[in-house]
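For the numbers below, each heavy atom of this structure counts, side chains included, while hydrogens, waters and symmetry mates do not. Just so it is clear, the model here is predicted, and its values are computed rather than measured.
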Amino acid sequence: YDYLDADLKDAYAAADFVICRAGISTISELSVLQKPAIIVPLPRSSQEMNAQILAFTGSAVAVREEFFNPELAVNLVRKMLWKQDELRIMKENIGRLLPANADKKIAKILLKIYEPR
């Protein structure tokens with residue numbers, strides 16, 4: 001697919017790994033679902049910093065758009081598919097990137113603040 005504009009949860013669920021941009025919404029979904037990824041950030045945007053953090057923490061493979069091409073994509077995909085140990089570690093790392101159950105923690109705080117006294 002060139003671009004998926006439908007509900008991505010089914011696509012993410014079926015994926016062994018994801019090739020995507022580095023927006024915070026995408027990173028959040030990858031973290032919750034523990035999906036390893038090849039990240040290609042939008043140039044000259046906050047996505048570049050996001051991609052650097054993901055690469056530094058071993059949570060994703062980051063590639064600058066200027067270097068990303070079909071040949072590199074194929075090589076990276078092959079490498080990821082054949083190195084299952086590295087893929088597992090990347091899944092674990094991205095899964096630890098964001099706090100777990102943040103929605104429940106926020107709801108608990110709000111309920112405590114607004115509970116009748």
Side-chain angles (χ1 to χ4, degrees):
Y1 300 98
D2 288 336
Y3 182 80
L4 296 175
D5 57 0
D7 190 3
L8 292 179
K9 72 177 180 183
D10 294 330
Y12 280 134
D16 292 319
F17 61 89
V18 179
I19 299 175
C20 58
R21 293 293 188 176
I24 195 64
S25 295
T26 300
I27 292 169
S28 297
E29 291 177 20
L30 295 173
S31 179
V32 168
L33 298 170
Q34 294 186 321
K35 293 295 178 175
I38 298 169
I39 303 283
V40 185
L42 283 171
R44 296 170 302 284
S45 75
S46 61
Q47 289 188 14
E48 289 183 323
M49 180 67 75
N50 296 346
Q52 287 176 353
I53 291 167
L54 291 171
F56 181 77
T57 60
S59 302
V61 173
V63 181
R64 293 176 60 107
E65 185 175 83
E66 64 200 68
F67 301 118
F68 195 68
N69 59 50
E71 183 179 343
L72 179 60
V74 168
N75 287 337
L76 288 173
V77 167
R78 284 183 178 151
K79 179 181 176 185
M80 291 178 85
L81 289 175
W82 287 105
K83 296 193 175 196
Q84 290 296 309
D85 287 340
E86 289 180 26
L87 207 58
R88 182 186 48 76
I89 291 167
M90 199 179 298
K91 287 179 185 182
E92 292 170 3
N93 290 344
I94 197 144
R96 285 193 296 260
L97 198 60
L98 297 177
N101 301 317
D103 56 341
K104 290 179 180 142
K105 292 174 185 175
I106 292 169
K108 218 180 231 188
I109 290 168
L110 291 173
L111 288 171
K112 188 174 183 176
I113 290 170
Y114 290 106
E115 77 181 8
R117 302 205 182 246

**Q** Would a single hydrophobic cluster contain both L81 and V63, if residues Ile, Leu, Val, Met, Phe, Trp and Tyr are joined by side-chain heavy-atom contacts under 4.5 Å?
**A**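 Both belong to a single hydrophobic cluster.
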**Q** With rounding to the nearest 0.5 angstrom, report the CZ to CD distance, R96 to Q34.
**A**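 Going from CZ on R96 over to CD on Q34, the span is 9.0 Å.
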**Q** Less than 4.5 Å apart, any side-chain heavy atom of T26 and any of V18?
**A**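 No, every pair of side-chain atoms sits at 4.5 Å or beyond.
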**Q** Going only through I, L, V, M, F, W and Y residues with side-chain contacts under 4.5 Å, is there a path from I19 to F67?
**A**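 Linked within one cluster.
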**Q** Under a single-linkage definition using a 4.5 Å side-chain heavy-atom cutoff for Ile, Leu, Val, Met, Phe, Trp and Tyr, are F56 and I53 assigned to the same hydrophobic cluster?
**A**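 F56 and I53: separate clusters.
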**Q** Measuring only between side-chain heavy atoms, which start at C-beta, is L76 closer than 4.5 Å to F17?
**A**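 No, too far: nothing below the 4.5 Å cut-off.
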**Q** What is the minimum heavy-atom distance between I94 and S31, and which atoms define it?
**A**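 Heavy atoms only, the tightest pair is O-OG, 2.8 Å.
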**Q** Return yes if some donor-acceptor pair links the side-chain N/O of S28 with the main-chain N/O of I24 below 3.5 Å, else return no.
**A**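 Indeed, once roles are kept as given, a pair shorter than 3.5 Å links the two residues.
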**Q** Can you get from W82 to V61 by hopping between Ile, Leu, Val, Met, Phe, Trp and Tyr side chains that sit under 4.5 Å apart?
**A**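 Different clusters.
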**Q** Working to the nearest 0.5 Å, report the span between CD of E86 and CE of M80.
**A**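 Here the rounded value is 9.0 Å.
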**Q** With the side chain counted from C-beta on, respond yes when V40 and R21 share a heavy-atom pair under 4.5 Å apart, and no when they do not.
**A**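 Side-chain contact under 4.5 Å: yes.
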**Q** In the single-linkage hydrophobic clustering (I, L, V, M, F, W, Y; side-chain heavy atoms under 4.5 Å), do L33 and I27 co-cluster?
**A**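 L33 clusters together with I27.
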**Q** Do the non-hydrogen side-chain atoms of L54 and L97 ever get within less than 4.5 Å of each other?
**A**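 When only atoms from C-beta onward are counted, L97 and L54 do touch, with a gap below 4.5 Å.
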**Q** How far does CG of L72 sit from NZ of K79, to the nearest 0.5 angstrom?
**A**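 So the CG of L72 and the NZ of K79 are separated by 10.5 Å.
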**Q** Nearest heavy-atom pair of A62 and A55: which atoms, and what distance?
**A**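 Scanning both residues, the minimum pair turns out to be CB-CB, 3.9 Å.
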**Q** Just how far is it from atom CZ of R88 to atom NZ of K83, taken to the nearest 0.5 Å?
**A**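 R88 CZ to K83 NZ: 14.0 Å, rounded to 0.5 Å.
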**Q** Mind checking whether K104 and K108 have side chains closer than 4.5 Å, heavy atoms only?
**A**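 Counting from C-beta outward, K104 and K108 never come under 4.5 Å.
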**Q** Counting only heavy atoms not in E66, do more than 12 sit closer than 6.0 Å to its CD atom?
**A**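 Enclosed.
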**Q** Distance-only, no hydrogens or angles: does the Q47 side chain make a donor-acceptor pair with backbone N or O of A22 under 3.5 Å?
**A**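 Yes, the answer is positive, given that a donor and an acceptor are paired below the 3.5 Å cut-off.
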**Q** Write down the atom of P43, the atom of E48, and the distance for their closest heavy-atom approach.
**A**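 Answer, listing the atom of P43 first, then E48: CA-OE2, 3.6 Å.
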**Q** Taking NZ, NE, NH1 and NH2 as the nitrogens, is one of them in E65 or R44 under 4.0 Å from a carboxylate oxygen of the other?
**A**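 No, E65 and R44 are not salt-bridged.
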**Q** Atom CD1 in I38, atom CE in M90: separation rounded to 0.5 Å?
**A**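 Reported value, rounded in 0.5 Å steps: 8.0 Å.
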